[in-house]
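Remember, it's 1-based here, ligands and their atoms both numbered in the order they're listed.
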Amino acid sequence: MIPTLAWTPEGVRFIDQTKLPLEESYVLATDYEQVADVIITMVVRGAPAIGVSAAYGIALGALRSKADSAERFAPEFDKIWARLAGTRPTAVNLFWAIDRMKRVFATLLSSGATMKTVQDKLLSEGHAMYEEDIAACKTMGAFGGALLPDEGGVLTHCNAGALATCGYGTALGVIRSAVELGKHIHVYADETRPFLQGARLTAWELMADGIPTTVICDNMAASLMRAGKIKAVVVGADRIAANGDFANKIGTYNVAILAKEHGIPFYCAAPWSTIDTATATGEAIPIEERAAKEVTHHGGKQLTPHGVGICNPAFDVTPAKYVSAIITERGVLRAPYAESLKQMELVAG
Ligand code: MRU
């Protein structure tokens, strides 16, 4: 399995996603500040992976603390989660994971727990999230794999794979599952400017699994669709609003419109931790703006003239009307999403 992130006795070990696919190297974060840096610099990225990284960051913060009780650790705990919460604004999994750690800590605080108990419980919550994430990917993979065609091209955008999760992936988990079912899928991976998650990461991990993959530039999808090469689209999500609108990597919205125009099913695969029913519609989802340099430069080389205006939103919002189904570990949701999301939340509790 691809070692996206792993807890070790020294700290959290991350595969350095800024170096892939040419170099397979690792970064060890030994304190929570380093975990925050690793998230900001996108050594680790992808909504579920960011969430679990933050949880482990909080556990590391507790392990490195000199406090001797939950009570004395409380001010530090607030500083730690606030630092991690300030890293990236769009993926709700980050805030979901931090809230979960806050709930664990609140119980420990009210019971007057020792620091040893705080450390143990926060770390075991991090481990639980890690395991649950892989299990959710496998389950949503099974639900989604059944929806994909028996053969043909499937387009994906960005990387919603093992590298964006603790393993297996969301959108790529759906593809992996379809392949395991014996379907003859050929993946078309949008290169995904400017960070090139598709060209670098999706291509790398699918090739490692021997799944036939072709990288295309982001502006090639329409003509491939018109040529009949794409039978379905499957993407991940960073935050799904209560009405089914969802944020995902910039360019996802373009693909959704193209899929609708060509009558191609467009699926969004995400764990329940990506669903944010407190956000009514996609318009309220905060969109991260990243450094201009990601657009102006590539591989250390400048591509654009000095001083030109640059716009670099990392995500866009796809309105629910373009989504054929949302695939989660709780099941496959169909429109109207406001109702199906609410119903599924009530059923699962
Ligand atoms: O900026 P990134 O690389 O963190 O963006 C990642 C995406 O947009 C993914 O598609 C999304 O997080 C889903 S990952 C299972």
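- The side-chain heavy atoms of V235 and V255, taken from C-beta on, include no pair separated by under 4.5 Å.
- Residue contact check: A47 has heavy atoms under 4.0 Å from atoms 12 (O), 14 (S) of ligand 1.
- Considering backbone and side-chain atoms alike, C158 places every N or O at 3.5 Å or more from each N or O of ligand 1.
- Residue-to-ligand polar distances keep T165 apart from ligand 1: every N/O pair is separated by 3.5 Å or more.
- Residues T192 and H157 have side chains in contact (heavy-atom distance under 4.5 Å, counting atoms from C-beta outward).
- In A171, neither the side chain nor the backbone holds a heavy atom less than 4.0 Å from any atom of ligand 1.
- Checking only distances, A160 never comes within under 3.5 Å of ligand 1, N or O to N or O.
- For atom 14 (S) of ligand 1, the closest non-hydrogen atom of the protein is A164 CB, 3.4 Å.
- The ligand atoms of ligand 1 that sit less than 4.0 angstrom from a heavy atom of Q197 are 1 (O), 2 (P), 3 (O).
- For atom 7 (C) of ligand 1, the nearest non-hydrogen atom of the protein is D238 OD1, 3.3 Å.
- In this structure, R330 is not positioned above the aromatic face of F143 in the sense of NZ or CZ being under 6.0 Å from the six-membered ring centre and within 45° of the axis.
- At least one side-chain heavy atom of Y56 sits less than 4.5 Å from a side-chain heavy atom of L123.
- Ring geometry, Y188 versus H186: the interplanar angle falls from 30° to 60°, so the pair is classed tilted.
- Summary of contacts: the protein heavy atom closest to atom 9 (C) of ligand 1 is N248 OD1, 3.4 Å.
- When side chains are defined from C-beta on, E289 counts as touching N312, because their heavy atoms get closer than 4.5 Å.
- Nearest protein heavy-atom contact of atom 5 (O) of ligand 1 is K249 CE, 3.3 Å.
- Scanning the protein for heavy atoms near atom 13 (C) of ligand 1, the closest one is A237 O, 3.4 Å.
- Residues M140 and L333 do not share a hydrophobic cluster, clusters being chains of Ile/Leu/Val/Met/Phe/Trp/Tyr side chains in contact below 4.5 Å.
- Ligand 1 lies out of reach of H157, whose nearest heavy atom is not under 4.0 Å from it.
- In terms of protein heavy atoms, atom 15 (C) of ligand 1 is closest to T170 OG1, 3.1 Å.
- In this structure, F195 has no heavy atom closer than 4.0 Å to ligand 1.
- In this structure the side chain of D238 never reaches within 4.5 angstrom of the side chain of K249, judged on heavy atoms.
- With contacts defined as side-chain heavy-atom distances shorter than 4.5 Å, the pair E261/M225 does not qualify.
- Residue contacts with ligand 1 include P48, since one or more of its heavy atoms lies under 4.0 Å from the ligand.
- Considering only heavy atoms from C-beta on, W7 comes within 4.5 Å of V12 through its side chain.
- In terms of heavy-atom proximity, R103 sits nearest to T107 at O-OG1, 3.1 Å.
- Residue R88 places a heavy atom under 4.0 Å from ligand 1.
- Closest to atom 6 (C) of ligand 1, if we only count protein heavy atoms, is R45 NH2, 3.5 Å.
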